[in-house]
**Q** 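I have a structure I would like to understand better, so I am pasting it below and will then ask my questions one at a time.
By convention in this document, chain letters (A, B, ...) are assigned in the order of the sequence lines, proteins followed by strands, and residues within each chain are numbered from 1. Predicted model only: the values in this text are computed from it and were never measured. The figures here come from the full heavy-atom set of this structure, side chains too, leaving out hydrogens, waters and symmetry mates.
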Number of protein chains: 2
Amino acid sequence: MTRIKVSNAPSVRRLPSYLHIIRASRSSGDFYISGTVIAQELNLEPIQVRKDLAITGIVGKPKKGYPVEALIVAIERYLGWDKPTNAVVMGAGNLGSALMGYPEFHQNGLRIVAAFDENPDKIGKTIHGVPVHPVAELERLLPGLEARTAILTVPSDHAQICADRLVKAGINAMWNFTNQKLKLPPEVVAQREDLSSGFAMLSVMAQLRDGRNA
Amino acid sequence: MTRIKVSNAPSVRRLPSYLHIIRASRSSGDFYISGTVIAQELNLEPIQVRKDLAITGIVGKPKKGYPVEALIVAIERYLGWDKPTNAVVMGAGNLGSALMGYPEFHQNGLRIVAAFDENPDKIGKTIHGVPVHPVAELERLLPGLEARTAILTVPSDHAQICADRLVKAGINAMWNFTNQKLKLPPEVVAQREDLSSGFAMLSVMAQLRDGRNA
DNA sequence: TAGATTGTTAATCGATTAACAATC
DNA sequence: TAGATTGTTAATCGATTAACAATC
């Protein structure tokens, strides 16, 4: 089996922003929204928005734009956000706790159903409504949770061991917030979230502006 | 003035990962590291690593690789991580607190020197060693903090107002964790961090694997 | 020396942007 | 109707990958 490759990754990455705007438009009672308007809000090129929206299969009406309701449904469906995804958080530290409390996720169909941690102070409590269990219980509890997605917020040096264990327990999708590149079997999909890379971009932009490096 | 555009953004985004590995190599006592090795660790193509490292100006030795110490210095310098960046966190909620406690940042020259929040329960306390001040004190305290970078972790509906205020107070670089696209004067650089887009990628990969959409 | 690894130049690939006829 | 906006086809741009001579 070969590593999964998303054909149009940049478009997929932009879809959530579109969805956010289009939902707001629906809340305002609009029935149509034009690519031009979406582009303005995100300052993108209108043609880029049209190209991106084309992958959802929704066709717009000249002069009016795209049908709001149908577009929302189509984007949600394209992203697989039309059906709930149960997930567990590994490591109920700062970042893990923050993610459990991140309200936006509910709109994306992401339901964090449990957290696992080693810290006895946290075990048995709930964080933002999510129960924290001992890591030792992972294998026993996971089947009942019906979660096949894990959010990895353990310390980096635990990441690989933790991932191996998750895979054995039945996890097949991993959202990795550690700075460790994970070795995983090919059927497990993984997305690494690297905060440092965003800060690198900000730093380089600031330097360009200030004339360092030129 | 025109919006700042980073010429080779994908390369810049990869540099922090390289830096991480090369630092580990230094800790192991290595004097040289080859692009091949770095590529293997991140599973990238060796040629891509070489191209990326070329932008730092460091030249490698055939058969040995790149000089570890010089490479670290050059990457840090290229990213502007050789001199400390003082930053303030706006909104000491879950995510803001998590970022204050994120140890990796120190290695990137990022020093979070203060947080600002409206919540009286938080004001006057410290979170991960960072003092939390009332937002009302922002303008008074900012000059003394010598921070021109802000990390925005306020609720999305406060984002624009908060950003405007920060800019007026002297902030010129904004790391934006809200899902709000900000309107900013051209001299202020901004990096938006969108957690949803990472989850969109994971969702689409999972669907491709499972054969939905095909 | 032999061969692993480099830097450079060229080829390929994919994403963005431009142009424009179709149309509501 | 007039014109804003669409979808499509082609052009451009930039990033990745390939090829390979140079070299430690």
Side-chain angles (χ1 to χ4, degrees), chain A residues 2-15 17-18 21-22 25 30-71 74-75 78 197 200-201 204-205 208, chain B residues 2-15 17-18 21-22 25 30-71 74-75 78 197 200-201 204-205 208:
Chain A
T2 126
R3 262 280 147 237
I4 280 149
K5 184 86 197 312
V6 175
S7 53
N8 41 9
S11 300
V12 170
R13 286 185 163 284
R14 283 188 292 269
L15 284 178
S17 295
Y18 298 166
I21 289 168
I22 300 161
S25 172
D30 300 342
F31 290 99
Y32 285 88
I33 185 169
S34 81
T36 316
V37 168
I38 297 172
Q40 263 166 358
E41 299 240 11
L42 295 168
N43 54 316
L44 301 173
E45 297 298 322
I47 174 64
Q48 187 169 55
V49 174
R50 278 180 277 151
K51 261 280 160 68
D52 288 342
L53 293 181
I55 70 181
T56 66
I58 296 296
V59 297
K61 272 203 182 33
K63 179 86 174 132
K64 302 186 82 173
Y66 301 86
V68 166
E69 189 59 38
L71 194 50
I75 294 175
Y78 184 84
S197 81
M201 285 294 292
V204 169
M205 283 188 280
L208 285 171
Chain B
T2 125
R3 263 279 146 237
I4 280 150
K5 184 86 197 311
V6 175
S7 52
N8 41 8
S11 300
V12 170
R13 286 185 164 284
R14 283 187 292 268
L15 284 177
S17 294
Y18 297 167
I21 288 168
I22 300 162
S25 171
D30 300 342
F31 290 99
Y32 286 87
I33 185 169
S34 81
T36 317
V37 168
I38 297 172
Q40 262 164 359
E41 299 239 12
L42 295 168
N43 52 315
L44 301 173
E45 296 299 321
I47 174 64
Q48 186 169 55
V49 175
R50 277 180 277 151
K51 260 281 161 65
D52 288 343
L53 293 181
I55 71 181
T56 67
I58 296 296
V59 296
K61 273 201 182 34
K63 179 87 174 128
K64 303 185 80 173
Y66 301 85
V68 166
E69 188 60 37
L71 193 51
I75 294 175
Y78 185 84
S197 81
M201 285 295 291
V204 170
M205 283 188 280
L208 284 172

**Q** Pick one: which of A:Leu53, A:Ile58, A:Asp52 meets side-chain contact (heavy atoms from CB on, under 4.5 Å) with A:Ile75?
**A** A:Leu53
**Q** Just how far, in rounded Å, is P of C:dT6 from CD of B:Gln48?
**A** 14 Å
**Q** Within the 4.0 Å heavy-atom criterion, would you say B:Leu53 contacts the bases, only the backbone, or no part of the nucleic acid?
**A** nothing
**Q** Report the distance from atom CG of A:Asp52 to atom C1' of C:dT16, rounded to the nearest whole Å.
**A** 10 Å
**Q** Rounded to the nearest 0.5 Å, what separation is found between the NZ atom of A:Lys61 and the OG atom of A:Ser34?
**A** 14.5 Å
**Q** Quick check: any donor-acceptor pair below 3.5 Å linking the side-chain of B:Lys5 to the base of C:dT16?
**A** no
**Q** Rounded to whole Å, how long is the line connecting atom CD of A:Glu45 with atom P of D:dG14?
**A** 14 Å
**Q** Decide yes or no on side chain to side chain contact (heavy atoms under 4.5 Å, CB included) for B:Ile21 and B:Ile33, but give the supporting numbers first.
**A** CA-CA 10 Å; B:Ile21 288 168; B:Ile33 185 169; 4.1 Å; yes
**Q** Begin from the C-alpha positions of B:Arg14 and B:Leu44 and carry the test side chain to side chain contact (heavy atoms under 4.5 Å, CB included) through to its verdict.
**A** CA-CA 10 Å; B:Arg14 283 187 292 268; B:Leu44 301 173; 3.9 Å; yes
**Q** To the nearest Å, how far apart are B:Ile47 CD1 and C:dT5 C1'?
**A** 11 Å
**Q** Are OP1 or OP2 of D:dC24 and a side-chain N or O of B:Tyr66 less than 4.0 angstrom apart?
**A** no
**Q** Rounding to a whole Å, what distance do you find between B:Tyr32:OH and C:dA4:P?
**A** 20 Å
**Q** Taking the minimum atom-to-atom distance to the side chain of A:Pro62, which one of C:dC24, D:dA15, C:dA19 wins?
**A** C:dC24
**Q** Among C:dT5, D:dT6, C:dT9, which is the nearest nucleotide to the side chain of B:Lys51?
**A** C:dT9
**Q** Between D:dT17, C:dT17, C:dT6, spot the one nearest the side chain of B:Thr36, thanks.
**A** C:dT6
**Q** Mapping A:Val6 and B:Ile58 to their closest nucleotides on DNA chain C, which lands nearer the 5' end?
**A** B:Ile58
**Q** Does a side-chain heavy-atom distance below 4.5 Å link B:Leu42 with B:Val49?
**A** no
**Q** Please state how far atom CG in B:Leu44 lies from atom P in D:dT17, giving the value in whole angstrom units.
**A** 9 Å
**Q** Counting Watson-Crick and G-U wobble pairs with both distances under 3.5 Å, what is the dot-bracket string for DNA chain C, 5' to 3', using [ ] for crossing pairs and | for pairs to another strand?
**A** ..||||||||||||||||||||||
**Q** First locate atom CG of A:Asn43, then atom CD1 of A:Ile38, and finally report the distance between them rounded to the nearest 0.5 Å.
**A** 14.0 Å
**Q** How close or far is atom C1' of C:dA15 from atom CD1 of A:Ile55, stated in whole angstroms?
**A** 13 Å
**Q** Which of the following nucleotides, D:dT8, C:dT8, C:dT6, is nearest to the side chain of A:Arg50?
**A** D:dT8
**Q** Please work out if B:Lys63 contacts a base, only the sugar-phosphate, or nothing of the nucleic acid, heavy-atom cut-off 4.0 Å.
**A** base
**Q** Tell me the interatomic distance from B:Lys64, atom NZ, to C:dT5, atom P, rounded to whole angstroms.
**A** 13 Å
**Q** Show, in sequence, the C-alpha distance, side-chain angles and deciding distance for A:Tyr66 and A:Thr56, and conclude whether the side chain to side chain contact (heavy atoms under 4.5 Å, CB included) test is met.
**A** CA-CA 11 Å; A:Tyr66 301 86; A:Thr56 66; over 6 Å; no
